[in-house]
Chemist: 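Okay, handing you the structure first.
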Amino acid sequence: MQHRITEKKPLLNGSGSLNECGYATGLILDYNRKDIKARQMRIKEWDYYLISNSRFALALTIDDNSYMGLDSVSFLDFEKAWEHTSSPMQFMTKGRKNLPPTSDKGDIVSSGKGYRIEFLNDGKSRKLSVRMDDFMNKIPLKAEIVLYEAPQESMVIATPFKDDTLAFYYNQKINCMKAKGYIDFNNVKYEFDPSDSMAVLDWGRGVWTYKNSWYWGSGSGYVNGIPFGFNIGYGFGDTSKASENMLFYNGKAHKLDKVDFMIPHTGDRYDFMSPWKFTSNDNRFVMDFIPILDRASCTSLAIIKSDQHQVFGRFTGTAVLDDGTVINIKDFIGFAEKVFNKW
């Protein structure tokens with residue numbers, strides 16, 4: 001069952017639970033941090049941008065988890081199968097980063113010793129900039145990128161948690177935004193050209209339970225000159241009303257049901273760098289995935305743990321639109337990840 005939300009209303013009711021659970025193709029439920037009835041330290045808010053083409057990518061995060069904040073910068077070189085991430089943390093941010101209640105407009109600026117990240121959104125375009133004086137081994141990184149022509153439709157989902165009526169995740173993924181700009185790193189200038197470069201925004205606001213896992217995959221690019229993208233995922237919360245699986249083609253969204261991530265493994269040991277497979281229960285998303293690099297990290301601090309494997313690679317297979325049109329893709333750059341958190 002895929003329940004579509006069509007009526008504009010507040011995200012939360014007077015008790016602090018979701019007014020309506022399901023998916024939409026726009027941000028029609030209004031998020032207000034003041035409506036949350038759960039403990040304030042459980043609130044988690046973030047904006048994550050990934051700007052990429054077939055050769056390199058930049059990932060930028062500004063995150064406020066209430067008890068801690070995170071500003072993260074990742075540079076990925078697919079031709080060299082190399083990446084580096086720098087993630088300064090802050091203690092007890094408690095919403096002071098002032099992340100906007102909507103993705104439609106609003107600015108976020110976060111800075112610390114030797115760095116500054118800006119997400120400026122006037123409702124027409126998004127200007128992303130980062131300066132990090134010591135990104136890696138005293139080598140600075142600077143980037144300036146403009147995102148524009150966001151598609152008319154996106155993936156939006158309001159997900160509850162069965163074990164806590166005050167917990168929820170309100171999430172939007174905007175795929176296939178055109179990107180223009182550059183990364184300046186180690187005396188090399190890497191140019192994003194809108195003819196082959198796109199971005200995805202992962203906009204998340206919610207109250208999370210302490211222990212959970214998720215699987216997420218995404219890709220944005222061109223197929224025969226037409227913008228195409230996908231968002232796939234599962235693993236946390238009560239998804240009986242809707243999944244977050246969706247295709248995007250020429251600005252329009254096409255809803256999928258369930259998609260399985262088939263990651264090679266022996267027992268509990270996963271081989272993230274061997275080929276994966278993906279299949280949907282309706283055979284509308286069938287893909288082989290050849291990894292290029294694993295952006296892996298594991299942080300364990302007392303009762304807090306985050307074990308992440310964000311694997312970038314190339315997808316080859318078929319995607320079927322709502323009207324039955326088959327989109328054949330080959331060596332399409334994207335990523336898929338498995339994340340376990342105690343947070």
Side-chain angles (χ1 to χ4, degrees), residues 2 4 23-28 46-54 56-61 74 76 102-104 119 121 124-126 128 145-157 169-181 192-204 214-234 242-256 259 261 278 280 284-285 287 289 310-315 317-322 325 327-329 331-337:
Q2 299 292 311
R4 182 168 182 173
Y23 83 95
T25 57
L27 208 65
I28 62 174
W46 63 72
D47 282 31
Y48 166 89
Y49 286 95
L50 175 70
I51 310 96
S52 63
N53 54 38
S54 63
F56 54 85
L58 180 72
L60 302 173
T61 305
S74 296
L76 307 101
T102 175
S103 68
D104 293 338
F119 301 161
N121 178 6
K124 297 178 181 179
S125 65
R126 301 164 193 266
L128 315 180
I145 300 157
V146 177
L147 309 182
Y148 62 100
E149 291 188 17
Q152 181 181 352
E153 297 183 337
S154 59
M155 193 293 300
V156 176
I157 190 167
Y169 183 45
Y170 190 38
N171 181 220
Q172 181 182 37
K173 306 283 184 21
I174 305 177
N175 286 68
C176 300
M177 291 183 283
K178 291 185 178 180
K180 180 178 177 61
F192 288 111
D193 189 294
S195 66
D196 66 359
S197 302
M198 284 188 172
V200 61
L201 167 64
D202 173 15
W203 182 92
W214 72 65
Y215 298 79
W216 177 35
S218 180
S220 295
Y222 292 94
V223 175
N224 297 324
I226 297 176
F228 170 79
F230 60 84
N231 185 83
I232 53 177
Y234 61 95
S243 70
E244 66 176 84
N245 302 310
M246 197 172 282
L247 305 174
F248 308 96
Y249 188 71
N250 205 21
K252 304 294 288 185
H254 302 259
K255 191 71 181 71
L256 303 176
V259 176
F261 289 43
F278 298 84
S280 64
R284 290 181 55 194
F285 189 86
M287 297 286 165
F289 177 64
Q310 185 181 31
V311 182
F312 289 81
R314 303 188 187 279
F315 290 81
T318 58
V320 181
L321 306 182
D322 288 343
T325 300
I327 308 298
N328 294 292
I329 71 171
D331 297 332
F332 192 83
I333 200 73
F335 71 85
E337 68 181 27

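None of these values were measured; they are calculated from a predicted model.
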Chemist: Measuring from atom OH of Tyr48 to atom CZ of Phe119, what distance do you get when rounded to the nearest 0.5 angstrom?
Modeler: 10.5 Å
Chemist: Side chain to side chain contact (heavy atoms under 4.5 Å, CB included) with Val156: which of Trp203, Tyr170, Tyr23?
Modeler: Tyr170
Chemist: Between Glu337 and Trp214, do the side chains contain an N or O donor and an N or O acceptor separated by less than 3.5 Å?
Modeler: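 Glu337 vs Trp214: donor-acceptor pair found between side chains.
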Chemist: Taking atom CG of Leu201 and atom CG of Leu60, what is their separation to the nearest 0.5 Å?
Modeler: 11.0 Å
Chemist: Heavy-atom distance under 4.5 Å between the side chains of Phe248 and Asn231, does that happen here?
Modeler: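 A side-chain contact under 4.5 Å exists here.
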Chemist: Within the 3.5 Å criterion, strictly below it, is a donor on Asn171 or Lys173 matched to an acceptor on the partner's side chain?
Modeler: yes
Chemist: For this output row, return yes or no: ring centroids of Phe278 and Phe261 closer than 6.0 angstrom.
Modeler: yes
Chemist: Hey, does Pro227 have a side-chain heavy atom less than 4.5 Å from the side chain of Tyr222?
Modeler: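 Sidechains of Pro227 and Tyr222: in contact.
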Chemist: Measure the spacing between CE of Met246 and CG of Asp322 and express it to the nearest 0.5 Å.
Modeler: 9.0 Å
Chemist: Locate the shortest heavy-atom distance separating Leu321 from Arg284; write the atom from each residue and the value.
Modeler: C-NH2, 3.2 Å
Chemist: Nearest 0.5 Å, please: how far is CD1 in Ile333 from OG in Ser218?
Modeler: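 Ser218 OG to Ile333 CD1: 11.5 Å, rounded to 0.5 Å.
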Chemist: When you look at CG of Asp331, are more than 12 heavy atoms from neighbouring residues, nucleotides or ligands closer to it than 6.0 Å?
Modeler: yes
Chemist: Within the 4.5 Å heavy-atom criterion, are Ile145 and Tyr49 side-chain neighbours or not?
Modeler: no
Chemist: Report the C-alpha distance between Gln310 and Leu76 in whole Å, list the side-chain angles of each, state the deciding distance to 0.1 Å, and finish with yes or no for side-chain contact (heavy atoms from CB on, under 4.5 Å).
Modeler: CA-CA 12 Å; Gln310 185 181 31; Leu76 307 101; 5.8 Å; no
Chemist: Between Asn53 (side chain) and Asp193 (backbone), is there a donor-acceptor pair under 3.5 Å?
Modeler: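 Side chain of Asn53 to backbone of Asp193: no pair is present.
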Chemist: Which residue in the set Phe228, Phe332, Phe289, Phe335 passes ring-ring contact (aromatic ring centres under 6.0 Å, His included) when paired with Phe315?
Modeler: Phe289
Chemist: For atom NZ of Lys255, is the number of surrounding heavy atoms from other residues, nucleotides or ligands below 6.0 Å larger than 12?
Modeler: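 Check passes, neighbour count above 12.
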Chemist: May I ask you to test the Ser195-Lys178 pair for a side-chain heavy-atom distance under 4.5 Å?
Modeler: no
Chemist: Return the CD to CG distance between Gln172 and Asp104, rounded to the nearest 0.5 Å.
Modeler: 7.0 Å
Chemist: Got a donor-acceptor contact below 3.5 angstrom from the Arg314 side chain to the Ser54 backbone?
Modeler: yes
Chemist: So which atom in Gln2 and which in Ser243 form the shortest heavy-atom distance, rounded to 0.1 Å?
Modeler: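 Heavy atoms of Gln2 and Ser243 come nearest at OE1-N, 3.1 Å.
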Chemist: Looking only at heavy atoms, which two atoms of Ser52 and Ala57 are closest? And how far apart?
Modeler: CB-CB, 3.6 Å
Chemist: Write down the atom of Asn245, the atom of Val259, and the distance for their closest heavy-atom approach.
Modeler: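 What the structure gives for the nearest pair is ND2-N, 3.4 Å.
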Chemist: Are Thr25 and Lys252 close enough that a side-chain donor and a side-chain acceptor fall under 3.5 Å?
Modeler: no
Chemist: Do the two ring centres, one from Trp46 and one from Tyr169, sit under 6.0 Å apart?
Modeler: yes
Chemist: If every non-hydrogen atom of Ser125 is compared with every non-hydrogen atom of Tyr148, which pair is closest and at what distance?
Modeler: CB-CB, 4.4 Å
Chemist: Rounded to the nearest 0.5 Å, how far apart are NZ of Lys180 and CD1 of Ile51?
Modeler: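 Reported to 0.5 Å precision, the distance equals 14.5 Å.
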Chemist: Where is the tightest heavy-atom contact between Gly219 and Asn175, given as atom of each residue plus distance?
Modeler: O-ND2, 3.2 Å
